[in-house]
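In what follows, chains carry the letters A, B, and so on, assigned in the order in which the sequence lines appear, proteins first and then strands, with residues in each chain numbered from 1.
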Amino acid sequence: MLKIYNTLAREKQTFKPIVAGKVSMYVCGMTVYDFCHLGHARVMVVFDMVSRWLRASGYDVTYVRNITDIDDKIIKRANENNESIAQLTQRFIDAMDEDSARLGVIRPDIEPKATEFVEGMLSMIAALVEKGFAYPAANGDVFYAVNKFEGYGKLSGKSLEDLRAGERVEVDSFKRDPMDFVLWKAAKPGEPSWDSPWGKGRPGWHIECSAMSAHHLGQHFDIHGGGQDLQFPHHENEIAQSEAAHSHDGKSCQMVNYWMHNGFVRVDDEKMSKSLGNFFTIRTVLEQYDAEVVRFFILRAHYRSPLNYSDHHLDDAKSALTRLYTALRGVEVVDGAVDWQHPQAARFKLAMDDDFNTPEALAVLFDLANEVNRTKDVDSLHLLKGLAGVLGLLQRHPDEFLQGDVTSELDVEGLIQARLTAKKNKNFTEADAIRKQLAEAGIVLEDTPQGTTWRRA
RNA sequence: GGCGCGAUAGCAAAGCGGUUAUGCCGCGGCCUGCAAAGCCGUUUAGACCAGUUCGACUCUGGUUCGCGCCUCCA
């Protein structure tokens, strides 16, 4: 039985889908004005893992991840670059697709773009105004009146009084309450805009997710995910918008049953973020590390824990993954269904069902690798590959992983043959010299009863 | 200031009220011409102070430290 830590309840809860056998899941995706960094990689990989596990558990999953393709930063960046907004966003959507594919992320079923849903947002804003949850201001903006929504703060555990007392509440004279947030922004000269009952403008950030999730998954759906930093205000505001807009006779209806938030990627114990400037883009990291190593690195920590990024940790992950691939080397693995009756598969399932405990699930993989290395047991071998596949790992040919990123000018096979000849002639000095030469090129030789193989260091 | 999360061996990271986590690194052994890989064994744990308990890394309270949200953020 799957248990999920629900931010809304602040505890693990048994997962019960709204419709038996089906799961509707919405995850907040990227604002596409720059390359994705490792923090984005974590969201993509974590919720990819979640959707894979739900599917492996037999659920029919509809996974929606949005693309924010209109906002202040996009407009600013497009102006700076002297390119159109459409050009800019498409460029970074393509880059994002490329990065996520390399990380082994299966594309979400639906990837709606904000600009394609402005109409839906406008009708939702209209409903909010009509029901008294929102008001047009004198400057042409439309604001959400937080004090009209009873449950405001229930996700993030904040109270309006505490929020108002905070030091960093923005002052905006057009708001009735400093905590009110914008649903519709009046267009400034030169900005892209859409017509609306309140004049030309563009949507606020939060409304897009409310409109798109309702359109694709309905007013009430199972799982909503995103980074921890979206908990407040973004997700709090989504709830306020959706539950108020969809309310009937003054009774609000629940938007989401399970809220999931993944932890941050950190650098030197600080959150990796754009504003701090301490971010590493996915593509930069992939210049140095195999994408599967990065995926493994992410899944190695529990999704809610902080994850420190450093070369040392990536090196460590690489060594660990090498161990798993080494166990698969030189043996035929026919892909087949996982036998969930197997004790180790049962252990894996128990771990994954416990709020997606991937570190424990990976420990099962290592125990299986040990079993394979010891006994060459075929069931363990298939299970190792099968279970790893559920996590999107270990699906390449071992040699591709173990030898893949070596680009050597040397004739590796020729040198291996020369060394074997030298060995046969007991000329160990020569044999060791060849091995040293290869080692300096980053190639490690391994003599086995079946012959000599090599891998990159 | 308000709210929340965390502190596990050299590094990373889980479960668990009593029994080997796991990976990397180190050490010893087996294997090997020597290595590598693998196998076997092994050294390093549970921030601090109380309490509950026959027994706590695991539960409770406090202290200290770290991090996050309260502003755009995955």
Exercise. Of all residues at least two apart in sequence or in a different chain, which pass the salt bridge (Lys or Arg N to Asp or Glu O under 4.0 Å) check with A/D355?
Worked result: A/R304
For this session: Could you pull out all residues at least two apart from A/R107 that satisfy salt bridge (Lys or Arg N to Asp or Glu O under 4.0 Å)?
Result: A/D97, A/E111
For this session: Check every atom of B/rU22, B/rC24, B/rA14 against the side chain of A/A363 and return the nucleotide holding the closest atom.
Result: B/rU22
Could you write out each protein N or O paired with an N or O of nucleotides 40-44 of chain B at a distance under 3.5 Å?
{"from": "B/rC40", "atom 1": "OP2", "to": "A/N370", "atom 2": "ND2", "distance (Å)": "3.3"}

Exercise. Got a sec: does the NZ of A/K148 have more than 12 other heavy atoms crowding it under 6.0 Å?
Worked result: no
Exercise. Taking atom CD of A/E11 as the centre, does the number of heavy atoms from other residues, nucleotides or ligands within less than 6.0 Å exceed 12?
Worked result: yes
Contact list (N/O, under 3.5 angstrom) for nucleotides 25-29 of chain B vs protein:
none

Short side-chain N/O contact from [X] to OP1 or OP2 of [N], under 4.0 Å:
X      : N      : answer
A/R455 : B/rA37 : yes
A/N357 : B/rA14 : no
A/R347 : B/rU22 : no
A/R42  : B/rA74 : no
A/R329 : B/rG38 : no
A/K271 : B/rC69 : yes
A/S305 : B/rA14 : yes

Exercise. More 5' along RNA chain B: A/H302 or A/T448, using each one's nearest nucleotide?
Worked result: A/H302
Exercise. Has the side chain of A/R435 got a donor or acceptor that lies under 3.5 Å from a partner of the other kind on the base of B/rA35?
Worked result: yes
For this session: Could you pull out all residues at least two apart from A/F149 that satisfy ring-ring contact (aromatic ring centres under 6.0 Å, His included)?
Result: none
Seminar exercise, completed: Residue set satisfying ring-ring contact (aromatic ring centres under 6.0 Å, His included) with A/H234, at least two apart, ordered chain then number -> A/W205, A/H206
Problem set entry | A/S319 side chain to A/T322 side chain, donor-acceptor N/O pair below 3.5 angstrom | no
Problem set entry | B/rC5 versus B/rG18 - spacing of their P atoms, nearest Å | 24 Å
For this session: Decide if the gap between the ring center of A/F15 and the ring center of A/Y258 is smaller than 6.0 angstrom.
Result: yes
Exercise. Is the distance between the ring centroids of A/F143 and A/F181 less than 6.0 Å?
Worked result: no
